[in-house]
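Have a look at the structure below before the remarks.
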Amino acid sequence: MNPIWNIARKELSDGLRNRWIVAIGLLFAVLAVGIAWLGAAASGQVGFTSIPATIASLTSLATILIPLIALLLAYDAIVGEDEGGTLMLLLTYPLGRGQLLLGKFVGHGLILALATLLGFGAAALAIAVLVDGVALDLLFRAFGRFMLSSALLGWVFLALAYVLSSRASEKSRAAGLALGVWFGFVLVFDLVLLALLVLGEGRFSPELLPWLLLLNPADIYRLINLSGFEASGGVSGVMALGSELPLPSVMLWGCLMLWVGGALLLAYALFRRRAA
């Protein structure tokens, strides 16, 4: 376990030195506070509206930002070491490829988790202090679930970034693949499901479409955060299919963790076949 922690500590140290944690945390804090107080400005309201509305808006924002940040953080984790000539050096140490991969994942995962806790936690504290009459138990329970699921979503895309980095031969190719993965999961996937929902009537079983949401970790993340409030019953589009899924919330968490484990195993299999 010590080699894994040494690699993780090195990645965490690099993240601190490069201001990753501070930059991501500040970004999350500013956006979260801004959404909490200005999210309803389009409807003529300025100020904090409600916890469900705030979490719903933050979830939509985090679905776009967190996967992109995770992919940018780790897309060069393997191929970058290879191009820099340090991968061969690392593998001469008493360090297995699985330990190297897991150490990088722990380090990058801690960076994302700390940034999420600092950023969104600051927003939760601001709401608790500045908003009169807010239900503190609901606030911290909702933000706790939101922050934990946000970190888990980031870990999914970290693991996917290692898959790309283990497969790519150049950093530029890995960067292009990372953007393609982000584009596919965050934007294209839901458009395809909507097309199936609208144009595929009679060709696809209606019972099958809700299960397709589990093929996208971003949709699982949104289901976790939107299904906890009665106010989320007004969701539309692809997310409306989630209400037909016969799965409890704990199973959605399990699906997200399966995404992390499955992507890490795939990254390890590709990394083992990669020549140093």
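Residue numbers run from 1 in the order of the sequence given. What you see is a predicted model, and the numbers here were worked out from it, not measured in a lab.
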Check your understanding: Donor-acceptor pair, Thr116 side chain versus Leu112 backbone, under 3.5 Å?
Key -> yes
Check your understanding: Is the closest side-chain heavy-atom distance between Phe143 and Ile55 below 4.5 Å?
Key -> yes
Exercise for review: Name the orientation class of the two ring planes belonging to Tyr221 and Phe146 (parallel below 30°, tilted from 30 to 60°, perpendicular beyond 60°).
Suggested key: tilted
Check your understanding: What residues, two or more places apart in sequence or in another chain, satisfy salt bridge (charged side-chain N to carboxylate O under 4.0 Å, His left out) together with Arg273?
Key -> none
Check your understanding: Same cluster for Leu91 and Val79 if Ile/Leu/Val/Met/Phe/Trp/Tyr side chains link at under 4.5 Å?
Key -> no
Review point. With no hydrogens and no angle check, is any side-chain donor or acceptor of Tyr93 less than 3.5 Å from a backbone partner on Pro3?
Key: no
**Study point:** Trp155 backbone acceptor or donor facing Trp259 side chain under 3.5 Å
**Key:** no
Exercise for review: Using side chain to side chain contact (heavy atoms under 4.5 Å, CB included) as the criterion, list what pairs up with Asp132, not counting sequence neighbours.
Suggested key: none
Review point. Should Ile220 and Val156 count as side-chain neighbours, where that means a heavy-atom distance under 4.5 Å?
Key: no
Check your understanding: Does Ser13 reach the main-chain N or O of Arg9 with its side chain, forming a donor-acceptor pair under 3.5 Å?
Key -> no
Check your understanding: What is the distance from atom CD1 of Ile35 to atom CG of Leu58, rounded to the nearest 0.5 Å?
Key -> 5.0 Å
Exercise for review: Treat each ILVMFWY residue as a node, draw an edge where side-chain heavy atoms are under 4.5 Å apart, and state whether Leu95 and Trp5 are in one component.
Suggested key: yes
Check your understanding: Got a donor-acceptor contact below 3.5 angstrom from the Arg97 side chain to the Arg274 backbone?
Key -> yes
**Study point:** Side-chain donor/acceptor of Asn216 to backbone N/O of Phe185, under 3.5 Å
**Key:** yes
